[in-house]
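Below you'll find the structure, written out as structure tokens, and then a few comments.
As the structure lists them, so they are numbered: ligands from 1, and atoms in each ligand from 1.
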Amino acid sequence: MAPAKTPITIAYGDGIGPEIMKATLAILDAAGAALDLEVIEIGRRIYEAGHPSGIEEKSWDSLRRTKVFLKAPITTPQGGGYKSLNVTIRKTLGLYANVRPCVAYHPFVDTKFPTMDLVIVRENEEDTYAGIEYRQSDDVAQCLKLITRPGSEKICRYAFEYARSHKRRKLSLFIKDNIMKLTDGLFHKVFDEIGEQYPDLPRDSWIVDIGAARLADTPEIFDILVMPNLYGDIMSDIAAHICGSVGLGGSANIGDHVAMFEAIHGSAPDIAGRDIANPSGLLLSAVLMLNHIDQFEAATKVHNAWLKTIEDGIHTGDIYDPQKSTKRVGTDEFTAAVIERLGRKPQVLKAVDYVSHHEGLDQDERPRTTRPRAKKDLVGVDVFLDWHHGAPAELVEIIQNKVQTDDLRLVSVANRGVKVWPGGAAETMRVDHWCCRFLAIDKTSPIISHQQVIDLLQKFQNAGLDFIKTEHLCNFDGKPGYSG
Ligand code: NAD
């Protein structure tokens with residue numbers, strides 16, 4: 001009996017998208033993948049028809065119904081007003097994990113790092129990508145970096161589970177918690193907490209700058225790299241480039257409900273319609289998809305046939321090298337070569353076997369962490385001012401004379417994160433953005449109320465000072481939850 005077909009949503013995209021999707025689907029079909037395709041249209045035409053995110057309302061229904069999306073690259077039109085389709089899809093559907101294998105195909109594809117074989121697991125929703133930005137004064141714009149405990153737990157748990165199911169050897173965290181002690185510090189803490197539950201998997205951590213240098217220099221020391229969104233965005237492009245296979249890279253964006261699979265390259269409008277595009281990035285994304293939907297046999301068949309094609313030196317123009325390749329082919333001929341090799345295995349490159357060694361992840365089986373909420377005490381407030389009338393001492397004088405209340409005392413003033421009062425250095429550059437920190441005067445009872453903050457702000461207003469933002473200073477289980 002033929003296996004039940006899995007419904008998936010596909011989009012042909014723009015530029016080379018239709019050519020490489022057609023090639024990929026032909027190979028999947030020939031390999032016996034049991035798929036029931038729903039086609040949606042995304043990208044340039046949809047943007048230009050007035051949909052600012054490049055996707056129509058009705059397409060969401062298909063994605064929610066099939067829960068699996070194989071997406072070809074799209075072209076984002078030039079000019080203002082257009083939103084990134086990828087960011088919209090990731091955020092709307094909660095695709096929190098971006099998984100990007102970076103593998104060298106030495107000696108068949110040119111690379112400086114013949115043994116490189118790593119996977120980047122990048123948090124996909126939080127960090128500076130939450131898109132929360134403000135212009136606060138004439139001089140200053142701000143972007144909020146959000147790292148959450150549940151978000152960090154999800155991505156770290158995913159990474160450890162991925163490592164276990166894919167039989168990987170270790171996980172390395174890239175982080176900058178020597179500077180961002182609370183945000184990156186939280187991510188690091190959660191990575192260690194979750195890691196404790198996987199004693200079979202060694203783990204280490206790297207400050208992202210030295211980690212990036214080692215990644216660019218000796219990538220073979222890494223296996224799985226885990227990181228917050230911004231570092232992951234940068235590192236995954238570096239890793240894809242140095243393994244020599246940017247045109248071959250596939251990626252998965254995984255959520256609790258929906259998963260999206262796509263090549264890492266763009267729509268390459270410069271070569272569209274010329275039968276020269278390499279379909280490998282989308283095809284390897286489709287292999288990740290077949291594993292995700294438990295079609296292990298088809299995944300194995302497609303991946304091995306592709307490896308054999310690469311090994312036989314049948315290469316599209318982007319990776320063609322007269323020293324290493326035997327034949328330069330176009331998209332259609334490459335596709336036919338892969339189909340011809342279905343059922344065969346590579347001899348030099350390592351063959352895959354997803355059937356006896358499943359790489360699917362059952363998301364629901366992953367344990368969740370539960371913990372009691374911390375005791376939270378409000379102990380002070382930072383009031384940020386837009387003020388450009390003089391030196392710190394003049395501002396302090398106004399605050400001490402007109403603002404300070406009987407309950408709350410000004411303890412410091414900072415500018416761009418540098419303390420300028422008390423003390424301060426003449427060399428420090430200052431802008432029109434001041435952080436005035438207030439703590440309770442009564443040290444024996446340091447907890448303050450929201451009403452005391454409101455009274456303080458009322459006095460700022462009476463003094464004609466332009467307060468632009470407040471941040472409450474809280475202790476959590478007695479430990480300060482603020483920097484400085
Ligand atoms: P690109 O990846 O499309 O192209 C960069 C270079 O690589 C070009 O020279 C191109 O010809 C070549 N190339 C890319 N894929 C190839 C393939 N499969 N085979 C052979 N050669 C290939 O990047 P770009 O030029 O910066 O962007 C073009 C468009 O793609 C832009 O509109 C951009 O917004 C969009 N884009 C979309 C996605 C996506 O949909 N996920 C990702 C990145 C860029």
Need the list: ligand 1 N/O atoms against protein N/O atoms, distance under 3.5 Å, rounded to one decimal.
residue: ligand 1; atom: 2 (O); partner: Gly266; partner atom: N; Å: 2.7
residue: ligand 1; atom: 3 (O); partner: Gly266; partner atom: N; Å: 3.4
residue: ligand 1; atom: 3 (O); partner: Ser267; partner atom: N; Å: 3.2
residue: ligand 1; atom: 3 (O); partner: Ala268; partner atom: N; Å: 2.8
residue: ligand 1; atom: 9 (O); partner: Asp270; partner atom: OD2; Å: 3.1
residue: ligand 1; atom: 11 (O); partner: Asp270; partner atom: OD1; Å: 2.9
residue: ligand 1; atom: 11 (O); partner: Asp270; partner atom: OD2; Å: 2.9
residue: ligand 1; atom: 15 (N); partner: His265; partner atom: ND1; Å: 3.2
residue: ligand 1; atom: 18 (N); partner: His265; partner atom: NE2; Å: 3.2
residue: ligand 1; atom: 18 (N); partner: Asn278; partner atom: O; Å: 2.9
residue: ligand 1; atom: 19 (N); partner: Asn278; partner atom: N; Å: 2.9
residue: ligand 1; atom: 30 (O); partner: Ser267; partner atom: N; Å: 3.0
residue: ligand 1; atom: 30 (O); partner: Ser267; partner atom: OG; Å: 3.2
residue: ligand 1; atom: 32 (O); partner: Thr76; partner atom: N; Å: 3.3
residue: ligand 1; atom: 40 (O); partner: Lys71; partner atom: NZ; Å: 3.2
residue: ligand 1; atom: 40 (O); partner: Ile74; partner atom: N; Å: 3.0
residue: ligand 1; atom: 41 (N); partner: Glu262; partner atom: OE1; Å: 3.2

Step by step, work out the salt bridge (charged side-chain N to carboxylate O under 4.0 Å, His left out) result for Arg65 and Asp61.
CA-CA 6 Å; Arg65 191 165 47 243; Asp61 299 338; 5.7 Å; no

Would Arg169 pass as a cation-pi partner of Phe222, given that its NZ or CZ must be under 6.0 Å from the six-membered ring centre and within 45 degrees of the axis?
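Geometry flag: not set, cation outside 6.0 Å or 45°.
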
Lys469 to Phe384, cation-pi by 6.0 Å centre distance and 45° axis angle:
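Yes, a cation-pi geometry.
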
Would you say the ring centers of Phe174 and Tyr231 fall short of 6.0 Å from each other?
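Ring centroids of Phe174 and Tyr231 are no less than 6.0 Å from each other.
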
Checking side-chain polar atoms at under 3.5 Å, does Tyr96 have a donor or acceptor matched by the opposite partner on Asn253?
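On atom types as modelled, these side chains do not qualify, holding no pair under 3.5 Å.
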
Please determine whether a side-chain nitrogen of the Lys or Arg among Lys170 and Asp200 lies less than 4.0 Å from a carboxylate oxygen of the Asp or Glu.
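Salt bridge absent between Lys170 and Asp200.
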
